[in-house]
Amino acid sequence: MTVSNGSTRDEGFPASGKPKPEATAVLSRDLRMDFPRIIGGKGNHLMLDDGRRVLDASGGAAVACIGHGDTRVHKAILAQLSQVSYCATTFYSTEVYEQLCRELVRTTKGHMSRAYIVNSGSEAMEAAMKLARQYFLEKNSAEPNRTKFIARFSSYHGTTLGALSLGGHAGRRAKFEPMLLEGTSRVSPCFPYRGQAEGESDEALVARLADELDREFQRVGPSSVCAFVAEPVVGAALGCVPAVSGYFKAVRAVCDKYGALLILDEVMCGMGRTGTMHAWEQEDVVPDIQTVGKCLGGGYQPIAGVLVGRKVADALEHGSGVFVHGHTYQGHPVACAAALAVLKIIQTEDLVANVAEKGAILSQLLRERLSSHPNVGNIRGRGLFWGIEFVADKATKRAFPSTAAVAMRLSELGLLDPYNIAVYPGSGTVDGFQGDHIIVSPPYNITVEDVELIDRDSDTSKAVLTMTTMAAGLS
Ligand code: PMP
């Protein structure tokens, strides 16, 4: 599959914001542009420094799952700060750290046995890769030759060199390609809109993709592969693309056939975002290792984690007994307190059920209002995680030229009056699939009124209407 970055900016995204008016000390993603400055956040709204109040319809990068400014989380953070603000979890432990790991394991209903807490999704992916490697070194009848990973095109697993090596985001990889891990390769994602042949059934698609994965195992040498890595619902790289039914069972079977692990990256789609606590629960598979991130802390603290299945955890426990990894701030007590508070709110308010219920309504409304638009190519997603892909030609699915920066322009437009809405844009060429998408990922606690009364001046309804208006403005 071709890899080209046709965008105007090297990172795969075009320029955004306005030119910087003055010298700055910040080394931001775009050194020549000024980004909108946020001075406040409450509930589902953000306040900008020019006095505007915008609806946060994506929770940043699908992070703010319970909205902004929840005082219950603030209290938990302050209580932890007054107890102890830091300890080095490489040599010490805290009750809050252990409790979070226990609670996370409990959410897997016995499928995972341990949790490892870090500060970002990229760190979680790095840890997952090293855990997989250590598993093969330390299990009974060690397999030290297993050093490789197979991932998928059109995926994003993080920005550090190991995680970047897995991902297929061409723009983010390009400059660092010579430095990336050699033992990683990629196969096609399960992307029905652009990857399913005309007249091809879901079963046939699954069989074809499983066969491609099987052949990739054969090509790289099956006994050299640690794991196959995939996002259950592809987030930033494609814009909320779930696989067709049966896909994950089929790839799990290929992994099992060759004795490799299955690592599922739920940094973006996990912790309730898709309508079940873990996205894999809807796929009838259980991963060996799983990462979680964004909605773990809901943005209140930087935190991510790795959930580890019994097979892998036991191998390390009975092997060297040491996971050879660690960060100064891993298992940070304040971050753990925030995550525990967010998780408690999600559980006591039964918000995952709300995600499933309101997500079904939101998806119906998005389809009703947007799908007939000539520039809306595809609407896909799950739970409260929806992607809208914009195309120049609906019949041929031809994307807009990346220089047009359609997704970025839509998101910039969204911030202006009368829209006043923040959405999460994605654009550029990702392993051959070129497209512009916008992610709509509202908080888990949206109400039925928000969704149903779409002519009312309410949060989610406004988001739906705004998306329609914005899409209409494209033609
Ligand atoms: N995996 C996935 C699926 C992601 O969406 C992201 C972030 N967008 C990451 C990993 C990396 O997470 P972070 O940015 O917190 O390092």
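All residue numbers in this chain count up from 1 along the given sequence. Counting convention: from 1, in listed order, for ligands and their atoms alike.
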Undergrad: Once rounded to the nearest 0.5 Å, what's the spacing between atom NE2 of His157 and atom CE of Met129?
TA: 9.5 Å

Undergrad: Between atom CG of Leu316 and atom CZ of Arg114, what is the distance when rounded to the nearest 0.5 Å?
TA: 9.0 Å

Undergrad: Does Glu123 reach ligand 1 with a nitrogen or oxygen that is under 3.5 Å from one of the ligand's nitrogen or oxygen atoms?
TA: no

Undergrad: Do the ring centers of Phe323 and His325 come within less than 6.0 Å of each other?
TA: yes

Undergrad: Please set out all donor-acceptor pairs under 3.5 angstrom arising from side-chain atoms of residues 226-252, sequence neighbours excluded.
TA:
{"unit_1": "Glu231", "atom_1": "OE1", "unit_2": "Gly235", "atom_2": "N", "d": "2.9"}
{"unit_1": "Glu231", "atom_1": "OE2", "unit_2": "Tyr156", "atom_2": "N", "d": "3.1"}
{"unit_1": "Tyr247", "atom_1": "OH", "unit_2": "Arg152", "atom_2": "NH1", "d": "3.1"}
{"unit_1": "Lys249", "atom_1": "NZ", "unit_2": "Asp284", "atom_2": "OD2", "d": "3.1"}
{"unit_1": "Arg252", "atom_1": "NE", "unit_2": "Asp256", "atom_2": "OD1", "d": "3.2"}
{"unit_1": "Arg252", "atom_1": "NH1", "unit_2": "Val286", "atom_2": "O", "d": "2.7"}
{"unit_1": "Arg252", "atom_1": "NH1", "unit_2": "Asp288", "atom_2": "OD2", "d": "3.3"}
{"unit_1": "Arg252", "atom_1": "NH2", "unit_2": "Asp256", "atom_2": "OD1", "d": "3.0"}
{"unit_1": "Arg252", "atom_1": "NH2", "unit_2": "Asp288", "atom_2": "OD2", "d": "2.8"}

Undergrad: Should you measure from each heavy atom of Asp265, which atoms of ligand 1 turn up under 4.0 Å away?
TA: 1 (N), 2 (C), 3 (C), 10 (C)

Undergrad: Can you name the atoms of ligand 1, numbered from 1 with element, that are less than 4.0 Å from a heavy atom of Glu231?
TA: 3 (C)

Undergrad: Give the atom numbers and elements of ligand 1 that come within less than 4.0 Å of a heavy atom of Ser120.
TA: 15 (O), 16 (O)

Undergrad: Return the residue, atom name and 0.1 Å-rounded distance of the protein heavy atom closest to atom 14 (O) of ligand 1.
TA: Ser122 OG, 4.3 Å

Undergrad: What residue and atom, counting heavy atoms only, is the protein's closest point to atom 15 (O) of ligand 1, and at what distance?
TA: Gly121 N, 2.8 Å

Undergrad: Please report which non-hydrogen protein atom sits nearest to atom 7 (C) of ligand 1, along with the residue it belongs to and the distance in Å to one decimal place.
TA: Lys294 NZ, 3.2 Å

Undergrad: Decide whether His278 and Gln290 meet the rule of one side-chain donor and one side-chain acceptor closer than 3.5 Å.
TA: yes

Undergrad: Using a 4.0 Å heavy-atom threshold (strictly under), name the region of His157 that reaches ligand 1: side chain, backbone, both or neither.
TA: backbone

Undergrad: Check the pair Thr160 / Glu123 against side chain to side chain donor-acceptor pair (under 3.5 Å), numbers first and verdict last.
TA: CA-CA 8 Å; Thr160 49; Glu123 286 177 36; over 6 Å; no

Undergrad: Is it true that, when you exclude Tyr86 itself, more than 12 heavy atoms of the residues, nucleotides or ligands shown sit nearer than 6.0 Å to its OH?
TA: yes

Undergrad: Heavy atoms only: which of Val267, Leu166, Ile303, Val63 lies closest to atom 6 (C) of ligand 1?
TA: Val267

